[in-house]
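Data first, discussion second: the structure below is written as structure tokens.
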Amino acid sequence: MKQTINLPTLFETQQTIVDHPARFKVLACGRRFGKTTIAFELITDHIFKGHTVAYFAPTHIMSVELWQQLKSALAPMISRVSEAQSRIEFINGAVFETWTARNETVRGRKYHFVVVDEAALIPDATLWQAAIRPLLSDYKGTALFASTPRGRNWFWELYNRGQNADYPDWQSWQYPTSENPHLSQEEIEAARDELPERTYQQEYLAIFLEDSGTVFRDLHLVCTGYPLSLPEPGKDYYIGVDWGRDRDFTAISVMDNNARQVYLERFNQISYNIQRDRLKQIVARFNPRIILAESNSIGSVNIDALHADGLPVRPFDMTVSSKPQLIDTLALAIEQQRLTLLKDDTLINELSAYQITRSPSGHWQYSAPPGQHDDTVIATALSYWTIKRHSRLIIHFA
């Protein structure tokens with residue numbers, strides 16, 4: 001009895017990539033473009049031919065979607081599945097295996113076709129050069145590298161190779177998310193409104209951004225405010241605190257519920273007892289609804305002391321995942337002119353110098369340049385964050 005195998009239908013751009021005769025294909029695309037569908041199409045084509053195929057991803061969880069999809073679609077052809085070995089064998093002799101980027105046991109295998117998915121998240125070219133490339137030698141195998149860009153790393157170099165006529169075996173493509181006709185263009189535009197321009201360029205436009213760059217732009221459009229000596233009637237206030245003592249500064253930023261920064265102070269070389277007293281004076285003046293304070297290191301001790309004094313303080317744990325969210329939220333607000341910051345030289349200088357860099361492991365890091373400070377940046381970001389998260393009023397943007 002014949003059994004039908006249903007495969008996804010490709011849209012025109014996907015079909016062009018699949019049909020291209022290049023031995024090595026490099027696809028730089030925006031999120032949800034449909035690179036997994038392309039990989040699935042090429043993998044199944046090789047399986048139908050009885051070939052051996054490998055799928056590499058930075059982590060195991062990233063391979064689960066395609067693994068499950070392949071098991072379901074090609075179920076009539078499967079003779080054996082080993083979840084422990086991440087291996088599927090087929091009745092025509094074909095074999096499909098998945099690997100993580102850190103798995104060295106792949107040495108000794110040989111494949112007709114290899115997919116390296118989310119290649120830009122793999123730290124460097126070592127896996128490709130030392131492990132994967134030799135696996136293709138026996139059969140003169142082919143490969144697909146697919147990823148959303150992550151700076152100008154080894155994936156960027158492969159992309160450039162595909163644009164260079166000196167490498168006839170290579171071909172590369174760059175497509176934004178909007179190329180996928182099945183996605184709502186309104187949703188894509190909504191994402192643009194919700195993301196900092198740099199993030200949108202990378203995640204949706206598939207642009208290879210430089211490995212370092214300025215985070216905050218067009219500051220002259222928002223750094224126009226002046227400090228208040230007294231609170232205004234009918235306004236709620238929110239405070240952000242970044243702690244420091246000796247080399248670094250403690251910075252305190254106050255914003256009202258219209259996202260207008262009304263007060264900013266920074267100081268160092270004084271004890272934490274005195275720093276807390278200064279914060280209490282600011283609290284007495286503006287009577288904030290919430291104080292959001294960095295809780296790392298000595299921050300937790302200060303927060304406990306402020307809690308004991310009855311202040312409405314909440315902790316913010318600065319981590320590798322929470323800090324980008326904090327900074328991106330402020331960057332987007334500045335780009336869209338959704339807040340007013342003080343015309344303060346220290347703040348403007350710190351915002352102007354603040355940068356994003358790519359670490360050797362491939363992760364993006366936000367920080368001040370070496371030897372400089374970011375205390376007013378963090379305090380300002382914390383005060384805006386707490387408005388966005390906790391204000392019960394609708395923020396009015398001019």
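Note that these values count all heavy atoms, side chains included, but never hydrogens, waters or copies made by symmetry. On a predicted model such as this, the values are computed, not experimentally measured, just so you know.
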task: Verify the neighbour count for atom CZ of R161: are there more than 12 heavy atoms of other residues, nucleotides or ligands below 6.0 Å?
output: yes
task: Assess whether side-chain contact (heavy atoms from CB on, under 4.5 Å) is satisfied between V81 and R87, documenting all intermediate values.
output: CA-CA 6 Å; V81 175; R87 177 184 173 95; over 6 Å; no
- prompt: Got a second to check how far S79's OG is from I88's CD1, nearest 0.5 Å?
  reply: 10.0 Å
query: In terms of the angle between their ring planes, are F286 and Y263 parallel, tilted or perpendicular, with boundaries placed at 30° and 60°?
result: tilted
message: In this structure, is the centre-to-centre distance between the rings of Y55 and W67 below 6.0 Å?
response: no
field: Over 12 non-hydrogen atoms of neighbours within 6.0 angstrom of CZ in R32
entry: no
- prompt: Using 30° and 60° as the class limits, which term best fits the ring planes of Y159 and F208: parallel, tilted or perpendicular?
  reply: tilted
- prompt: Less than 4.5 Å apart, any side-chain heavy atom of L332 and any of P196?
  reply: yes
- request: Determine whether D242 and F249 make a side-chain contact, defined as any pair of heavy atoms from C-beta on separated by less than 4.5 Å.
  value: no
- prompt: Within a strict 4.5 Å, meaning less than it, do heavy atoms of the V115 and I43 side chains meet?
  reply: yes
task: Check whether any side-chain heavy atom of T13 sits under 4.5 Å from a side-chain heavy atom of N180, and report yes or no.
output: no
- request: For Q68, look at atom CD and say whether over 12 heavy atoms of other residues, nucleotides or ligands are found less than 6.0 Å away.
  value: yes
task: Indicate the ring-plane relationship of F24 and F145, choosing parallel, tilted or perpendicular according to the 30° and 60° boundaries.
output: tilted
- prompt: Are there more than 12 heavy atoms of other residues, nucleotides or ligands under 6.0 Å from atom NZ of K280?
  reply: yes
statement: So CD1 of I282 and CG of N287: to nearest 0.5 Å the spacing works out to 13.5 Å
- prompt: Near K323 NZ, under 6.0 Å, is it more than 12 heavy atoms from other residues, nucleotides or ligands?
  reply: yes
- request: Determine whether the side chains of D256 and Y238 contain a donor N or O and an acceptor N or O closer than 3.5 Å.
  value: no
message: Could you check whether E83 pairs with K71 (Lys NZ or Arg NE/NH1/NH2 to Asp/Glu carboxylate O, under 4.0 Å)?
response: yes
message: Using only atom types and a distance under 3.5 Å, with no angle test, would you say the side chain of T329 pairs donor to acceptor with the backbone of W385?
response: no
query: With no hydrogens and no angle check, is any side-chain donor or acceptor of K25 less than 3.5 Å from a backbone partner on I17?
result: yes
query: How long is the gap from CG on L342 to CZ on R260, to the nearest 0.5 Å?
result: 9.5 Å
Salt bridge present between E203 and R150 (N-O < 4.0 angstrom): yes
- line: Here the gap from S178 atom OG to L205 atom CG, rounded to the nearest 0.5 Å, amounts to 7.5 Å
query: Does any non-hydrogen side-chain atom of V95 lie less than 4.5 Å from one of F90?
result: no
message: Between K140 and R23, does the side-chain contact (heavy atoms from CB on, under 4.5 Å) criterion hold? Intermediate values first, please.
response: CA-CA 9 Å; K140 294 185 178 180; R23 181 180 180 187; 4.1 Å; yes
message: Using 0.5 Å steps for rounding, measure from the OG atom of S383 to the CD atom of Q261.
response: 5.5 Å
message: Are more than 12 heavy atoms, taken from residues, nucleotides or ligands other than D345, located less than 6.0 Å from that residue's CG atom?
response: no
task: For residues Y272 and V301, determine if any side-chain heavy atom of one lies less than 4.5 Å from a side-chain heavy atom of the other.
output: no
query: Is the backbone N or O of A119 less than 3.5 Å from a side-chain atom of W154, with the two atoms forming a donor-acceptor pair by type?
result: yes
- request: Assess whether side-chain contact (heavy atoms from CB on, under 4.5 Å) is satisfied between H51 and Y111, documenting all intermediate values.
  value: CA-CA 7 Å; H51 289 174; Y111 295 109; over 6 Å; no
- prompt: Can you name the one residue among T100, L121, V116 that meets side chain to side chain contact (heavy atoms under 4.5 Å, CB included) with P58?
  reply: L121
message: Quick one, L292 and I239 - any side-chain contact, counting heavy atoms below 4.5 Å?
response: no
- prompt: Under a 4.5 Å cut-off applied to non-hydrogen side-chain atoms, are N258 and K235 in contact?
  reply: yes
- prompt: Looking at CD of E65 and OG1 of T36, how far apart are the two atoms once the value is rounded to the nearest 0.5 Å?
  reply: 5.0 Å
query: Going through the checks in order, is the side-chain contact (heavy atoms from CB on, under 4.5 Å) test met by Q365 and I356?
result: CA-CA 5 Å; Q365 297 177 331; I356 181 172; over 6 Å; no
query: Within the distance-only criterion (no hydrogens, no angle test), does the side chain of D218 pair as donor or acceptor with the backbone N or O of L221 below 3.5 angstrom?
result: no
- prompt: Could E350 and R266 be called an ion pair, given the rule that one side-chain N must be under 4.0 Å from one carboxylate O?
  reply: yes
message: Once side-chain contact (heavy atoms from CB on, under 4.5 Å) is applied, do any residues pair with P369, and if so which ones, sequence neighbours excluded?
response: A353, Q355, Q372
- request: Could you tell me whether a side-chain N or O of S352 sits under 3.5 Å from a main-chain N or O of I348, the two making a donor and an acceptor?
  value: yes
